[in-house]
Each structure stands twice: as C-alpha cells, then as structure tokens.
Amino acid sequence: MNTTKSHDLFRYLAPIYDTVARIASFGRYDSMRRSLVAQAGIMSGDRVLDLATGTGYLSEILDGCEIVGADISLHMVNQARKKTDASFVLSDAHALPFASNSFDAAVCSFALHEISDPKVAISEMFRVVKPGGTVAVMDVVLQSTPIKKVLLFAYHLFIEMLTANYMHPDDLADSFKHAKGVTSNAKMAGLVAQVSGVKK
Ligand SMILES: C[S@@+](CC[C@H](N)C(=O)[O-])C[C@H]1O[C@@H](n2cnc3c(N)ncnc32)[C@H](O)[C@@H]1O
C-alpha cells in the first residue's frame, strides 16, 4: 500500500519546512494550530497524540502535557527531535503502534491531504483516544464555490506542487462517526476545515 504520496518530498522539505509552512499560511501558521489545540480542549497533564507531527510544532507550544508525535518521515521527525525532548515515534497513520484508549486527545494538522486513506487515519485516532477524549483535525479541503475552487487550485499548484489529495468536507464529517459531539469550523479564506469530536 502506498501510505504517503509525497514521502520523498519531506526528505528535502524537512530542513526548510517551518519557513515554507509559515509563508504558505499567510501569517496564520501559529494561530491556526493554536486554534486546533483550543478546540481539542487539551489540559495540562493530558497525554496527547500529535499525528503526522512533522517538525513537532505542537510539542513546542503544549506545555505541561505529555506529547507523543507520530510521523512516517524520519527526516521530519529528526527536525522535531532537534527542537524538544518530546517523544517522537516513526509510524504510519494507517496502523498506529499505540494501545487503544491510551491518549486523552489526538490532533492532526495539515496532514490528511498527505495520507493515502485519511478516513482510516481518523479511525485510528479515535481508537487510541480514551472514551470522552477528543479527536481534532484541521486541513485544506475540497471547495464548492467557483472562487474558492480557484483559490484551492492556486494553493494546490503553488504550495502543494500538485501532490495533495484533499478530502471532501462530507467525507471528513463521515469519518467522525465514532464521535458523540462534533464541532466544525471553516478557516483561512474558507479553504481549511477544522473538525473535532468527543469519542463515545
Ligand atoms: C504538511 S506536514 C504537516 C506537519 C504538521 N502537522 C504541521 O501542522 O505543520 C504533513 C506530515 O504528514 C506526514 N505523513 C504523511 N503521510 C503519513 C502517514 N501515512 N503516516 C504518518 N505521517 C504521515 C509527513 O511525513 C509530514 O510530516
């Protein structure tokens, strides 16, 4: 199974990822990720999974929590390890090497478009979170209006270099079937969906 469509890209992107991602976010790199953390309701002392952690930004901002960053790219994980002493685990989002019900929350930012089967990845996030824990994801998603389709195409061409595979918002909502309460927001010119749900 091809588990990540652009694994090789991250080999070269890893050293400059933080700079590129900040430019691509139009100055909203920090605020969007902090918004996801706020929506996840993470509290001090929580054990939190940051799926597809990349260079480990969340482990830098979540003081007082036990953060486990999981990612398939050794190059991205090595960058993360330079920044913090949080735990980073090389793993595939489709089959996480963690026990069921072992995290208080699981988050995933700007990575579902990289993962071959994002629905499976979200199911895995629900599996490893305890009942009552929160799963929260944010990513660029498919758009329905002409203006947003054009914006998405520009983003896809110039930022993702035509490698991304965006979810349809309905599919994203469907993947929260394990949740009892679901909250969703649209951000960043409407290209980004942020969805969270509490595990039943
Ligand atoms: C665009 S980066 C996002 C990093 C970070 N979450 C952020 O908000 O900046 C996408 C990350 O997803 C990871 N990734 C792609 N496919 C994956 C998979 N199947 N399992 C785990 N991580 C994966 C990549 O290695 C990369 O680090």
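What's counted below: heavy atoms across the whole structure, side chains too, no hydrogens, waters or symmetry copies. Here the structure is a predicted model, which is why all the values come from computation and not from measurement. In listed order, ligands and their atoms are each counted from 1.
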* Asked: What atoms of ligand 1 come closer than 4.0 angstrom to any heavy atom of Asp92?
  -> 18 (C), 19 (N), 20 (N)
* Asked: Does some non-hydrogen atom of Phe110 fall short of 4.0 Å from ligand 1?
  -> yes
* Could you tell me whether some N/O pair between Ala93 and ligand 1 is separated by less than 3.5 angstrom? => yes
* Asked: Has the side chain of His94 got a donor or acceptor atom that lies under 3.5 Å from a matching backbone atom of Asp117?
  -> yes
* Under 3.5 Å: donor-acceptor pair, side chain of Gln79, backbone of Thr55 -> no
* Is there at least one pair of N or O atoms, one from Asp50 and one from ligand 1, spaced under 3.5 Å apart? -> no
* Asked: Who pairs with Ser102 by side-chain contact (heavy atoms from CB on, under 4.5 Å), at least two apart in sequence or on another chain?
  -> Arg47, Phe98, Ala99, Val128
* Ser25 (side chain) donor-acceptor with Ala21 (main chain) under 3.5 angstrom -> yes
* **Numbered atoms and elements of ligand 1 in range of Ser73, under 4.0 angstrom, heavy atoms** => 25 (O)
* To do: Could you give me the CA-CA distance, side-chain angles and deciding distance for His113 and Asn165, then say whether side chain to side chain donor-acceptor pair (under 3.5 Å) is met?
  => CA-CA 5 Å; His113 66 271; Asn165 185 23; over 6 Å; no
* Show which atoms of ligand 1 fall inside a sub-4.0 Å distance from at least one heavy-atom site of Ser91. => 20 (N), 21 (C)
* To do: For ligand 1, note which part of Thr53 has a heavy atom under 4.0 Å away: side chain, backbone, both or neither.
  => backbone
* Looking only at non-hydrogen atoms, which of Asp139, Leu36, Ile72 approaches atom 23 (C) of ligand 1 most closely? -> Ile72
* Asked: Taking atom CE of Met76 and atom CG of Leu90, what is their separation to the nearest 0.5 Å?
  -> 12.0 Å
* For ligand 1, find out whether one of its N or O atoms is nearer than 3.5 Å to an N or O atom of Ala52. => yes
* Ligand-residue contact atoms, ligand 1 with Met76, heavy atoms, under 4.0 Å -> 27 (O)
* Which bit of Tyr17 is near ligand 1, meaning a heavy atom under 4.0 Å away: side chain, backbone, both or neither? -> side chain
* Structure fact -> Quick note on ligand 1: atoms under 4.0 Å from a heavy atom of Glu114 include exactly 10 (C), 15 (C), 16 (N)
* Asked: Which residues satisfy the ring-ring contact (aromatic ring centres under 6.0 Å, His included) test with Phe126, sequence neighbours excluded?
  -> Phe176, His178
* Just jot down the ligand 1 atoms closer than 4.0 angstrom to any heavy atom of Ser109, in number order. => 3 (C), 5 (C), 6 (N), 7 (C), 8 (O)
* Would one find an N or O of Asp71, backbone or side chain, under 3.5 Å from an N or O of ligand 1? -> yes
* **Lys130 with Asp46: basic N within carboxylate O range, under 4.0 Å** => no
* Asked: Is Ala70 near ligand 1, meaning one of its heavy atoms is under 4.0 Å from it?
  -> no
* Asked: N/O to N/O below 3.5 Å, does that happen between His113 and ligand 1?
  -> no
* To do: Decide whether a cation-pi geometry holds between Arg81 and Phe88; the criteria are a distance under 6.0 Å from NZ or CZ to the six-membered ring centre and an angle within 45° of the ring axis.
  => no
* Asked: Once the angle between the rings of Tyr57 and Tyr29 is folded into 0 to 90°, is it parallel (under 30°), tilted (30 to 60°) or perpendicular (over 60°)?
  -> perpendicular
